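Just so you know, ligand 1 is whichever comes first in the structure, and atom 1 is the first atom listed for that ligand. Bear in mind that the values here come from a model prediction, so they are computed numbers and not experimental data. Numbering of residues begins at 1 and proceeds along the displayed sequence.
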Amino acid sequence: MASPTDLRTSEALQVLRRVFGYDTFRGFQQDVIDHVVAGGDALVLMPTGGGKSLCYQIPALVRPGVGVVVSPLIALMQDQVDALTALGVRAGFLNSTLDLDARRRVEAAFLAGDLDLLYLAPEALGSRATVQLLDRGKIGLFAIDEAHCVSQWGHDFRPDYLALSMLHERWPDVPRIALTATATSATRTEIATRLDLTGARHFVASFDRPNIQYRIVPKREPRKQLLSLLRDEHPGDAGIVYCLSRASVEKTAEFLTANGIPALPYHAGLDAGTRATHQQRFLREDGLVMVATIAFGMGIDKPDVRFVAHLDLPKSVEGYYQETGRAGRDGLPSTAWLAYGLQDVVQQRKLIETSDGDLAHRRGLARHLDAMLALCETVRCRRAQLLEYFGDSPTGDCGNCDTCLNPPETWDGTIAAQKLLSAVFRLDRERNQRFGAGHSIDILLGRKTEKVTQFGHDSLTVFGIGGELGEAEWRAVVRQLLAEGLLAVEGDYGTLALTDASAEVLGRRRTVMMRREPERPASTRTGRSKAAAAVVELPAAAAPVFERLRAWRAATAKEQGVPAYVIFHDATLRQIATDAPTSLAELSRVSGVGENKLAKYGEQILGVLADAPA
Ligand code: ADP
Ligand code: ZN
């Protein structure tokens with residue numbers, strides 16, 4: 001005989017199949033769902049794209065009462081509700097964008113028990129009217145999305161999130177589930193403490209995103225490098241390009257557009273209306289590139305972002321992983337690409353040195369940057385290093401990052417390091433001057449530039465002793481020394497300076513192994529063809545069918561004013577094109593086709609399939 005848990009499990013599984021059209025749970029989804037359905041509190045850590053939403057949506061459908069979801073992303077609530085409505089789930093939201101009529105309708109539906117899910121902004125719970133409304137209805141669970149917002153490294157929403165500890169005091173019998181994609185163990189502890197979730201069960205998924213290919217390349221002409229990446233590997237794909245400054249966001253977006261790649265800028269300097277329009281277009285249209293500062297991206301759950309490119313060095317591994325994680329939520333092959341150069345290191349070090357805040361704060365920033373630099377300069381598997389950083393234990397090399405695909409050569413750079421450090425040492429007496437890395441390299445290469453002659457540096461003993469390496473190689477030497485703390489950057493002008501550890505190299509007590517700078521940008525063709533094959537994986541005959549389905553989807557999405565993925569995901573359309581079902585029963589077996597979508601679109605899809613190409 002089935003135990004009560006089995007019965008509930010099977011109810012959850014039925015909902016997964018009937019409503020969402022998926023066959024099986026992923027990872028520990030089922031464990032979380034069982035736990036919350038049974039009334040337990042949970043803290044869920046899963047990488048972006050891991051499938052967090054189902055962890056609270058299914059319990060909300062199974063448990064009596066309404067699932068109340070707290071989310072800071074007001075601009076995305078409409079899309080979330082649209083996506084649920086398309087599945088036949090009764091969902092609504094309350095936030096400041098609603099007019100009075102719409103608000104009344106949602107409130108009435110909530111009180112009448114006609115909602116499965118209600119989305120709220122965290123600040124709503126600070127309003128007495130909302131709390132009283134919730135008191136009058138029946139709540140099945142609280143879900144706290146983007147739970148890292150309570151952390152001090154979190155976001156602007158922090159005060160509202162901190163107030164969420166009141167949920168437990170006010171509604172002690174309602175289970176709570178907090179979810180986040182960003183958390184080192186310190187953040188996790190902070191979330192549990194601040195949200196009064198220390199008694200909750202913790203579910204921590206592996207942070208691996210195997211479908212994302214990580215690549216970090218030396219920066220030469222970043223925009224051109226970006227353009228060839230997009231042209232060669234991602235034509236027609238949607239993606240995000242991150243830049244550090246607003247100005248470079250604008251320039252890069254113009255550059256891509258001028259080169260035939262549709263791109264939109266997004267940064268905090270644009271007015272709210274423009275930002276909202278650009279975000280909406282990115283979500284709704286196929287194949288747009290968003291060029292943005294890190295102001296863009298939180299909560300963007302567009303599943304088919306095929307690449308995330310960084311034109312500047314992120315400040316921390318946490319930031320890098322969060323940003324790159326926006327690629328490939330649908331599980332299909334995607335690229336995370338970062339171009340990084342000496343100037344990035346100098347600039348970031350300078351920013352830290354001149355930043356406000358006390359010494360402890362600056363040390364914190366420097367530690368984060370060091371971890372990021374170590375990732376850039378590593379000769380190991382990038383993924384293994386990333387996963388270790390987040391406390392995972394990777395099993396061997398991944399085979400899907402640049403170092404695995406094109407193992408870099410290393411060379412003994414001790415002598416080069418000594419030459420460079422000696423040059424810096426000689427210049428140290430004139431440290432009030434603006435001698436950046438370029439000047440030291442000029443001296444080593446024996447170049448009589450204006451500055452070199454002006455200061456008489458052509459008479460230094462180190463002048464011209466570095467002819468065995470080229471300019472790019474010397475820059476790589478400086479970068480790696482900076483990354484390893486064997487060299488420092490000082491002052492407003494980014495003057496190079498020795499560190500305590502420099503002495504070990506100069507005194508020959510330490511060897512320095514370096515990553516060889518490739519002559520040409522590393523070719524990742526092997527990886528690319530592998531990835532491309534996995535994406536396309538469409539029999540020749542199915543490709544035109546897939547295109548017809550996409551056209552149908554675009555028209556349908558436009559008509560309804562919703563993003564295309566709300567109708568069906570790419571992966572689902574691909575499967576339909578490949579299986580070519582000829583009946584509704586066959587169509588219903590495709591992953592991602594639930595009851596509601598079958599009823600709504602089934603006949604249309606069969607029609608598109610039956611249409612012989614003109
Ligand atoms: P997260 O919120 O963790 O970033 P989502 O909840 O948006 O991730 O899920 C990512 C994608 O995976 C979505 O497209 C979702 O429909 C899909 N998905 C989630 N769970 C399953 C499952 N059990 N089977 C198939 N697809 C799933
Ligand atoms: Zn690897």
For [atom], what's the nearest protein heavy atom and its distance?
atom                    : value
atom 23 (N) of ligand 1 : Thr24 O, 2.9 Å
atom 8 (O) of ligand 1  : Gly51 N, 3.2 Å
atom 20 (N) of ligand 1 : Gln29 NE2, 3.0 Å
atom 7 (O) of ligand 1  : Arg329 NH2, 3.6 Å
atom 10 (C) of ligand 1 : Gly49 O, 3.6 Å
atom 12 (O) of ligand 1 : Arg26 NH1, 3.2 Å
atom 6 (O) of ligand 1  : Ser53 OG, 2.6 Å

Modelled atom types, side-chain donor and acceptor of [X] and [Y], under 3.5 Å:
X      : Y      : value
Arg18  : Gln14  : no
Thr378 : Gln385 : yes
Gln279 : Arg281 : no

Ligand-residue contact atoms, ligand 1 with [X], heavy atoms, under 4.0 Å:
X      : result
Pro47  : 3 (O)
Thr48  : 4 (O)
His569 : 13 (C), 14 (O), 16 (O)
Leu54  : 19 (C), 20 (N), 21 (C)

When you compare the side chain of [Y] with that of [X], does any pair of heavy atoms fall below 4.5 Å?
X      : Y      : result
Leu387 : Ser393 : no
Arg176 : Leu167 : yes
Asp304 : Leu332 : no

What about the rings of [X] and [Y], do their centers lie closer together than 6.0 Å?
X      : Y      : value
Tyr119 : Phe93  : no
His35  : Phe203 : yes
Tyr321 : Tyr389 : no
His278 : Tyr266 : no
Tyr214 : Trp337 : no

task = Give a yes or no on this: more than 12 heavy atoms of other residues, nucleotides or ligands lie within 6.0 Å of atom CG of Leu606.
result = yes
task = Would you confirm whether Asp34, through its side chain, and Asp31, through its main-chain N or O, come within 3.5 Å as a donor-acceptor pair?
result = no
note = Of Tyr565, Phe25, Tyr22, Phe20, the residue with the heavy atom nearest atom 15 (C) of ligand 1 is Tyr22
query = Backbone or side chain, does any N or O of Ser591 fall under 3.5 Å from an N or O of ligand 1?
reply = no
inquiry  = For Met46, state whether at least one heavy atom is located under 4.0 Å from any atom of ligand 1.
reply    = no
Distance filter under 2.8 Å, centred on the Zn ion (ligand 2) - protein N, O or S atoms that pass it = Cys381 SG, Cys398 SG, Cys401 SG, Cys404 SG
